[in-house]
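Take a look at the structure set out below.
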Amino acid sequence: MRIEELPTPCFVVDEALIERNLNILRGVMDRTGCKILLAQKAFSMFHLYPLIGRYLAGTAASGLYEAKLGREMGGENHVFCTAYRDSEFEEITQICGHIIFNSFGQLERFGDQALAAGASIGIRVNPQCSTQGDQAIYDPCSPGSRLGVTLEHFRPDLLERYGVEGLHFHTLCEQDAAPLAQTVEALEHNFSPFLPQMKWLNLGGGHHITREGYDIPLLEQVIHHLQKAYDVQVYLEPGEAVALGAGFLVTSVLDVTQNAGVKNAILDASAACHMPDVLEMPYRPPLVHGGEPGEKPHTYRLGGPTCLAGDIVGDYSFDQPLQVGDRLMFGDMAIYSMVKTNTFNGMPLPAIALRNRDGECTIVKEFGYEAFRSRLS
Ligand SMILES: *Cc1c(COP(=O)(O)O)cnc(C)c1O
């Protein structure tokens, strides 16, 4: 069916746009010999894993469930978890080739089990190099952060005991290659004595490689430098970059109301339930054919149908007045959207559709009342 015929709300992921991103990432792999993994936290549309698996080296998981899903792709299966549970670790060792620990306490607790299973063990370090200004919520290097081992608490004595083969850091968020270069400098400053003993180095995610204007040559220079200086296999595990700009959320206008000078359009999509990052980050998602407030003749505040006063996507302007039944398309809705949906207020979850190269859309999944009920008791 055509995109106009889809039920709303509906996430639509565009296969050609995903493949465009995958080609860029594959180019980095081919030119440098680094391996790129899909960080499933950002995008877990497993329907596309066969396609993604043809380009990337595998998946990165945040715990057991994502690791199980990542196995469906069939490539390398890496896992980093801030803290593993006793009850899940055995299964993790059976399905993950690379297991990364967030502390030496976790290494001492689970290291022998991981070793016995033949996993390659890594430690997440904290290079204490903040590169994102005041966005503390997205800065694993903020003072006192629980993410990664700082030099002060590093335990060189345990590296050999557990055969640690890799170091991992993840400190970037939607950033270019210059902050990466700066972070690698900090890493070398703090941890260079241990780098030559490593087989691999994982530079985490947050690299906006597929964004227009990203400095790919600098990224490749950093990778080449690490390979040459320490003879390591370099891994990157971007999430956003895999599906950046490749998805939409299609929604319908349910009502138009007025309060004082503000025209409100009530949508069948909710910021709180279907695009929570709009409220959490916060940010204003792009809207196809939507202008800045006041830029076009008709300005509306777009909000969800929930009872949360702040369930507002933002103010946008249009050439024509909005009518009940009009369809709107928010852009960049593949990443950190369908992985974060919830059914607060009894909201239906958006369907998930795929648009192929000819513009034909196929509904991959629909959710009904049962999806809401099954999470409650
Ligand atoms: C979030 C995360 C990623 C992916 O980050 P993006 O910003 O989506 O590229 C990769 N690795 C780790 C450990 C993460 O926490």
Side-chain angles (χ1 to χ4, degrees), residues 24-37 39 56-58 60 75-76 78-80 97-104 107 111 119-132 139-141 145 147-173 175-209 214-238 241:
I24 294 171
L25 298 173
R26 182 72 207 194
V28 174
M29 283 175 54
D30 289 345
R31 286 185 298 273
T32 62
C34 84
K35 291 186 181 177
I36 299 185
L37 312 167
L56 303 186
E76 292 188 22
H78 296 228
V79 64
F80 161 80
H98 293 72
I99 299 177
I100 299 157
F101 295 105
N102 188 49
S103 73
F104 281 91
L107 176 66
S120 181
I121 296 179
I123 291 285
R124 176 166 175 171
V125 294
N126 184 330
Q128 295 177 282
C129 175
S130 291
T131 55
Q132 354 177 358
D139 181 9
C141 293
S145 166
L147 298 167
V149 184
T150 56
L151 180 60
E152 186 192 353
H153 297 281
F154 201 74
R155 294 277 307 272
D157 55 307
L158 293 181
L159 296 180
E160 206 170 321
R161 158 76 179 79
Y162 290 99
V164 173
E165 296 186 338
L167 293 185
H168 172 285
F169 69 79
H170 169 70
T171 67
L172 305 182
C173 179
Q175 280 167 288
D176 211 309
L180 172 66
Q182 189 190 338
T183 304
V184 165
E185 253 179 57
L187 176 85
E188 292 183 282
H189 180 265
N190 286 354
F191 297 99
S192 58
F194 318 114
L195 292 175
Q197 330 169 20
M198 296 299 150
K199 287 191 176 156
W200 52 267
L201 206 51
N202 185 325
L203 313 185
H207 317 282
H208 247 193
I209 303 168
Y214 180 93
D215 192 347
I216 291 179
L218 178 58
L219 169 68
E220 295 184 355
Q221 209 177 303
V222 169
I223 295 169
H224 279 134
H225 160 71
L226 290 170
Q227 290 166 329
K228 196 152 164 256
Y230 308 107
D231 191 23
V232 282
Q233 171 67 56
V234 173
Y235 288 97
L236 302 176
E237 45 180 30

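Computed from a predicted model, the values in this text were never measured in an experiment.
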- prompt: Between Q227 and H225, does a side chain to side chain donor-acceptor pair (under 3.5 Å) hold up when you go through it step by step?
  reply: CA-CA 6 Å; Q227 290 166 329; H225 160 71; over 6 Å; no

Using every non-hydrogen atom in the two residues, find where [X] and [Y] come nearest and quote the distance to one decimal.
X	Y	result
G111	F101	N-CZ, 4.3 Å
Q128	L151	OE1-N, 4.2 Å
R124	F80	NH1-CE2, 3.2 Å
G205	L172	O-CB, 3.7 Å
I99	A119	CD1-CB, 3.8 Å
V164	L158	CG2-O, 4.5 Å

Test side-chain hydrogen bond (donor to acceptor under 3.5 Å, both in side chains) applied to [X] - qualifying residues, sequence neighbours left out:
X	answer
T131	Q175
D139	S130
Y162	none
H170	none

message: When you measure from the side chain of Q233 to the backbone of G33, do you find a donor-acceptor pair of N or O atoms at a distance under 3.5 Å?
response: yes

message: For the backbone of L147 and the side chain of N126, can you confirm whether one donor and one acceptor N or O come within less than 3.5 Å of each other?
response: yes

Considering only heavy atoms from C-beta outward, does the side chain of [X] approach that of [Y] to under 4.5 Å?
X	Y	answer
L219	T32	no
L203	T183	no
Y230	L167	no
V234	W200	no
C34	I36	yes
H207	L180	yes
E237	H168	yes
Q182	C129	yes

- prompt: Residues two or more places apart in sequence or in another chain: which of them pass side-chain contact (heavy atoms from CB on, under 4.5 Å) with R26?
  reply: M29, D30, Y55

message: Just to verify, what does D215 make a side-chain contact (heavy atoms from CB on, under 4.5 Å) with, not counting sequence neighbours?
response: D176, A177, P217, L218

To the nearest 0.5 Å, tell me how far [X] [atom1] sits from [Y] [atom2].
X	Y	atom1	atom2	result
N202	L37	CG	CG	6.5 Å
L187	T171	CG	OG1	9.5 Å
S120	E76	OG	CD	9.5 Å

message: Quick one, V232 with L195, criterion side-chain contact (heavy atoms from CB on, under 4.5 Å). Give me CA distance, side-chain angles, the key distance, then yes/no.
response: CA-CA 8 Å; V232 282; L195 292 175; over 6 Å; no

- request: Could you list the residues that satisfy salt bridge (charged side-chain N to carboxylate O under 4.0 Å, His left out) with E220, not counting sequence neighbours?
  value: R31

field: Whether H98 and Y235 hold their rings parallel, tilted or perpendicular, with breakpoints at 30° and 60°
entry: perpendicular

statement: Sorted by chain and residue number, the ring-ring contact (aromatic ring centres under 6.0 Å, His included) partners of F169 (sequence neighbours excluded) come out as none

task: Take I121 and I100 through the test side-chain contact (heavy atoms from CB on, under 4.5 Å) and record every step on the way to the result.
output: CA-CA 6 Å; I121 296 179; I100 299 157; over 6 Å; no

query: Under the salt bridge (Lys or Arg N to Asp or Glu O under 4.0 Å) rule, what pairs show up with a residue in residues 187-207, not counting sequence neighbours?
result: E165-K199

query: Got a sec: does the CD of E185 have more than 12 other heavy atoms crowding it under 6.0 Å?
result: no

Pairs touching residues 178-198 that satisfy ring pair (Phe, Tyr, Trp, His ring centres under 6.0 Å), sequence neighbours left out: F154-F191, F154-F194

